[in-house]
Amino acid sequence: MTDPAFRFELLGHDGAARLGRVHTAHGVVDTPTFMPVGTAATVKAMKPEDVAATGAQIVLGNTYHLMLRPGAERVGRLGGLHRFMNWPGPILTDSGGFQVMSLSKLRRMDKDGVTFRSHLDGSEHRLTPERSTEIQHLLDATITMAFDECTPFPSEPEVAASSMRLSMAWAKRSRDAFVARQGYGQFGIVQGSVYPDLRAESAAALAAIGFEGYAIGGLAVGEGQERMFAALDVTTQVLPEDRPRYLMGVGKPSDLVGSVRRGVDMFDCVLPTRSGRTGQAFTRRGTVNMRNARHQDDGRPLDEACRCPACRQYSRAYLHHLMRSEEVLGLMLLTTHNLTYYQDLMAGLRGAIAAGTLDAFTAAFEAEQAQGDI
Ligand SMILES: O=c1[nH]cnc2c(CCNCC3CCCCC3)c3[nH]c(NCc4cccs4)nc3cc12
Ligand SMILES: [Zn+2]
């Protein structure tokens with residue numbers, strides 16, 4: 001029986017890393033967790049049952065794309081995103097703000113929101129904290145994200161401070177517009193760039209408003225892993241211990257391991273799906289480019305330790321052939337493999353935290369990755 005209330009259950013620690021469970025109206029999410037990105041109401045090249053088979057329990061829905069096509073009201077009339085995309089589990093939708101700034105044309109930001117033209121047909125649209133929250137409600141998102149501005153990197157402290165304070169005002173307006181329902185939650189997003197005092201001010205501002213979870217934004221925007229980890233170290237310490245922490249847009253496997261060790265519980269990234277479609281495979285021994293001719297006579301599996309269909313039923317030679325031939329099956333198999341690799345990495349991290357062996361797990365992970373593909 002699904003627990004009716006949205007809650008985060010802390011099950012254990014290993015250092016700053018946490019083992020937990022997020023209970024939602026649409027099911028439970030074991031944390032640390034990786035959330036595959038479902039852009040146009042689909043995880044590209046994957047059927048929902050295939051996404052579930054990788055071990056994913058929660059997926060991302062994309063407000064920017066869905067508000068433009070097919071439209072939030074239409075998805076709402078059709079019963080919401082769970083029904084529309086046939087994903088019964090939890091769905092987290094982003095606010096749309098980040099993608100407006102990275103995808104739309106002719107956008108104009110003001111203190112109240114952002115006006116932009118669709119990259120699809122040039123039609124004009126406007127997003128405010130209220131409209132973003134309403135759209136996510138129409139989509140029936142299990143977890144709704146506050147409307148924020150991702151502060152660019154690098155930014156001078158004064159610029160980062162005013163950008164963060166705008167996002168905090170938008171967080172309050174997002175919270176006031178949120179329709180609270182049993183088993184549904186809303187996350188605030190911490191900003192403050194790479195400045196510890198601004199990060200602390202932002203975390204405190206969001207905790208004072210009160211959210212079911214807290215995202216860490218403004219990172220993975222070019223600052224590099226070292227500065228990202230430094231920002232994480234100061235931010236997780238000032239966030240409420242009993243609520244999930246979601247690091248947005250992260251990341252490559254070593255980012256996930258280092259961020260889990262610093263107290264992050266949830267992740268999303270386009271890397272495993274987007275790079276999988278270009279032929280980049282993530283394996284225990286680092287990344288492998290399946291378009292490389294060195295694979296054309298190789299009858300071995302991509303990763304002999306992997307349980308996924310691509311590794312159990314096909315050879316590297318065949319995957320290479322599919323990618324070179326631009327065959328749809330190639331996209332499907334590499335996406336399935338990469339998502340399975342990411343899910344198994346998260347499962348390994350959860351097991352290590354549960355057993356108190358996260359340091360050993362980390363050392364083994366780093367040693368294997370350094371080995372390189374053979
Ligand atoms: O402060 C932020 N506020 C809001 N969103 C952010 C995102 C988008 C997270 N994925 C959304 C998904 C919603 C569904 C569709 C796909 C995205 C970030 N992504 C990254 N880095 C990865 C990056 C990706 C591209 C450029 S940087 N840093 C981010 C910082 C913020
Ligand atoms: Zn595999």
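One-based numbering, in listed order, for ligands and for the atoms of each. Source: prediction; values computed, not measured. All residue numbers in this chain count up from 1 along the given sequence.
- For the 3.5 Å distance criterion, the side chains of Gln136 and Ser132 qualify, holding a donor opposite an acceptor.
- Side chains of Ser254 and Gln225: a donor on one and an acceptor on the other come within 3.5 Å.
- Partners of Arg294 according to the salt bridge (charged side-chain N to carboxylate O under 4.0 Å, His left out) rule, which considers only residues two or more places apart in sequence or in another chain, are Asp373.
- Defined by atom type and a distance below 3.5 Å, a donor-acceptor pair is missing between the side-chain atoms of Asp94 and Gln99.
- Distance alone, capped at 3.5 Å, places no donor-acceptor pair between the Ser163 side chain and the Val159 backbone.
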With the criterion set at N/O pairs under 3.5 Å, what does the list of contacts between the protein and ligand 1 look like, atom names and distances included?
from     : atom 1 : to     : atom 2 : distance (Å)
ligand 1 : 1 (O)  : Gln191 : NE2    : 2.9
ligand 1 : 1 (O)  : Gly218 : N      : 2.7
ligand 1 : 3 (N)  : Asp148 : OD2    : 2.7
ligand 1 : 10 (N) : Asp268 : OD1    : 3.4
ligand 1 : 10 (N) : Asp268 : OD2    : 2.9
ligand 1 : 21 (N) : Ala220 : O      : 2.8
ligand 1 : 28 (N) : Leu219 : O      : 2.7

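- Partners of Asp110 according to the salt bridge (charged side-chain N to carboxylate O under 4.0 Å, His left out) rule, which considers only residues two or more places apart in sequence or in another chain, are Arg126.
- When each of Leu333, Val328, Leu334 is tested with Leu322 by the rule side-chain contact (heavy atoms from CB on, under 4.5 Å), just one qualifies, namely Leu333.
- Tyr64 and His119 are linked by a side-chain donor-acceptor pair at a separation below 3.5 angstrom, with hydrogens and angles left out of the test.
- Within the protein, the number of N/O/S atoms found under 2.8 Å from the Zn ion (ligand 2) is 4.
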Using the rule given for side chain to side chain contact (heavy atoms under 4.5 Å, CB included), can you reason through Leu256 versus Tyr342, listing the C-alpha separation, both sets of side-chain angles and the distance that settles it, and then say yes or no? CA-CA 9 Å; Leu256 297 176; Tyr342 266 60; 3.6 Å; yes
